[in-house]
Amino acid sequence: MKRTKRLLVIIGAAAFLSSCAMVKSPLIATLYTDVKAPVAVTSNSNSYKVGTSEATSILGIVATGDASIEAAAKSAGITKIHHVDEHSTNILGLFAKYKVYVYGE
Amino acid sequence: MVNKWFKWAGKCPPIYIFALALLILLTENINAQNISKHYISTQSEQGILYFILPDKQFKNNETESKLIYDITYMTINDSVTLNFSYFDMAQININSIVFTLDEHKFWSPANKLFIATKKLKWHYRYSAKFLFEDINTIFNSTTPPEITIISDQGNKELKTRPGKWKKHSAIVKKIITLIKYNQ
């Protein structure tokens with residue numbers, strides 16, 4: 001009986017820990033991640049508009065959002081993209097956010 | 001030493017681990033006055049481009065509509081671009097946006113970016129322009145302004161709680177000060 005209980009606890013813990021919220025980032029840390037990084041650069045010269053889009057994940061169980069470049073560009077009315085950056089946040093694998101910044105005109 | 005820590009971690013009840021996680025999250029909130037998380041800036045040929053991240057606090061509880069806005073400012077300009085998303089069940093044609101602060105009204109025509117749907121609501125994405133000094137006046141106020149969306153179908157008023165406004169306006173005020181220093 002004790003053995004079964006232990007086994008169940010181990011299986012439960014393994015299932016819980018394996019479903020940590022993860023986020024795309026050039027650097028990964030288990031405790032806390034807050035990293036900004038480049039995604040793309042174009043030859044267009046002007047950038048006086050900024051658009052954002054984001055997607056979030058909770059406990060690695062539910063992940064929703066539209067973090068596409070298209071959604072970010074659309075949000076600021078950008079038709080010519082200058083460059084794109086990303087911002088990844090992760091707190092203890094409980095909450096993760098991926099944000100895209102599009103600069104352009 | 002390391003083994004000792006592993007032994008302690010093994011014996012540590014999950015409630016302590018959860019409490020530690022909560023403490024870290026609370027520390028994050030305490031540091032909310034750290035403005036670096038609330039704006040981004042980038043250098044371009046025309047000047048420095050500042051982007052103040054979206055604010056989601058304005059709502060109308062009766063119609064269950066809400067407003068999310070972000071602010072973009074280029075240092076060579078005297079105006080600020082305020083892009084906003086307005087979510088409402090009703091179908092409306094938005095004309096302009098007004099910030100009412102005591103007796104002062106700051107008005108701007110709204111230009112459509114796109115209209116989409118989000119769940120059961122309509123997502124109206126518009127762009128407006130305000131003078132930099134007017135934005136400075138709005139965020140210098142500790143009392144919250146009222147935002148009015150003016151449409152062909154009538155006005156939609158959106159409000160926020162004084163506590164939330166006080167916290168957010170302090171952050172934006174600090175960002176505006178930073179912009180002024182770099183001009």
Side-chain angles (χ1 to χ4, degrees), chain A residues 6 9-10 12-13 16-17 20-21 29-38 41-42 44-54 58-59 64-66 70-87 89-95 97 99-105, chain B residues 10 14 17-29 31 34 36-54 56 68-77 79-85 110-116 118-119 123-129:
Chain A
R6 253 186 219 170
V9 167
I10 291 166
F16 180 75
L17 292 172
C20 281
T30 48
L31 198 66
Y32 183 65
T33 307
D34 184 16
V35 178
K36 280 179 191 165
V41 183
T42 71
N44 294 325
S45 56
N46 292 330
S47 71
Y48 52 85
K49 287 180 182 176
V50 186
T52 61
S53 62
E54 65 177 47
I58 299 162
L59 295 169
T64 55
D66 179 0
E70 191 199 350
K74 208 174 148 189
S75 75
I78 295 168
T79 50
K80 281 183 184 174
I81 294 170
H82 181 262
H83 72 279
V84 183
D85 281 347
E86 64 180 6
H87 184 194
T89 318
N90 190 350
I91 303 163
L92 291 168
L94 301 172
F95 176 78
K97 191 191 269 185
K99 208 161 186 173
V100 168
Y101 294 97
V102 173
Y103 301 79
E105 58 176 313
Chain B
I17 296 167
F18 186 70
L20 179 71
L22 260 179
L23 190 72
I24 291 166
L25 287 173
L26 284 172
T27 315
E28 275 299 298
N29 284 334
N31 289 338
N34 175 8
S36 64
K37 284 181 191 293
H38 299 273
Y39 83 99
I40 50 167
S41 68
T42 181
Q43 184 82 46
S44 71
E45 284 171 26
Q46 300 83 29
I48 306 170
L49 180 69
Y50 289 93
F51 178 71
I52 301 173
L53 269 61
K56 304 174 180 180
I68 302 171
Y69 66 90
D70 57 63
I71 295 167
T72 312
Y73 177 65
M74 176 70 89
T75 46
I76 53 154
N77 298 333
S79 66
V80 165
T81 304
L82 186 137
N83 292 334
F84 64 92
S85 289
N111 299 311
K112 184 167 70 187
L113 291 171
F114 66 84
I115 296 171
K118 194 173 184 187
K119 291 178 186 167
H123 175 192
Y124 301 95
R125 183 77 178 164
Y126 278 73
S127 183
K129 279 197 187 299

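Keep in mind the model is a prediction, meaning the values are calculated, not measured. Chain identifiers are assigned alphabetically (A, B, ...) following the order of the sequence lines, protein sequences preceding nucleic acid strands; residue numbering begins at 1 within each chain.
- Using a 4.5 Å cut-off between heavy atoms, Tyr103(A) touches chain B through its side chain atoms alone.
- For a residue to count as touching a neighbouring chain, one of its non-hydrogen atoms must lie under 4.5 Å from one of that chain's; by this rule Lys49(A) touches chain B with the backbone only.
- More than 12 non-hydrogen atoms from other residues, nucleotides or ligands lie less than 6.0 angstrom from CD of Gln46(B).
- Take Asp85(A) and apply the salt bridge (Lys or Arg N to Asp or Glu O under 4.0 Å) test, not counting sequence neighbours, and it matches no residue.
- With a 4.5 angstrom heavy-atom cutoff, Ser44(B) touches chain A only via side-chain atoms.
- Atoms OG1 and NE2, from Thr42(B) and His83(A) in turn, are 4.0 Å apart once rounded to the nearest 0.5 Å.
- Heavy-atom minimum distance, Lys99(A) versus Pro54(B): NZ-CD, 4.3 Å.
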Are His87(A) and Ile40(B) close enough, and set up right, to give a side chain to side chain contact (heavy atoms under 4.5 Å, CB included), and what steps lead you there?
CA-CA 11 Å; His87(A) 184 194; Ile40(B) 50 167; over 6 Å; no
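- Looking at every heavy atom in both residues, Tyr32(A) comes nearest to Lys37(B) through OH-NZ, 3.2 Å.
- There is no contact between Thr89(A) and chain B, counting heavy-atom distances below 4.5 Å.
- Proximity to chain A (any heavy atom under 4.5 Å) is shown, for Ile76(B), by neither the backbone nor the side chain.
- Residue Thr72(B) touches chain A through its side chain alone, counting heavy-atom pairs closer than 4.5 Å.
- Shortest non-hydrogen contact noted between Leu113(B) and Gly77(A) is CD2-CA, 3.7 Å.
- Remark: Glu45(B) CD to His82(A) NE2 distance equals 7.0 Å, nearest 0.5 Å.
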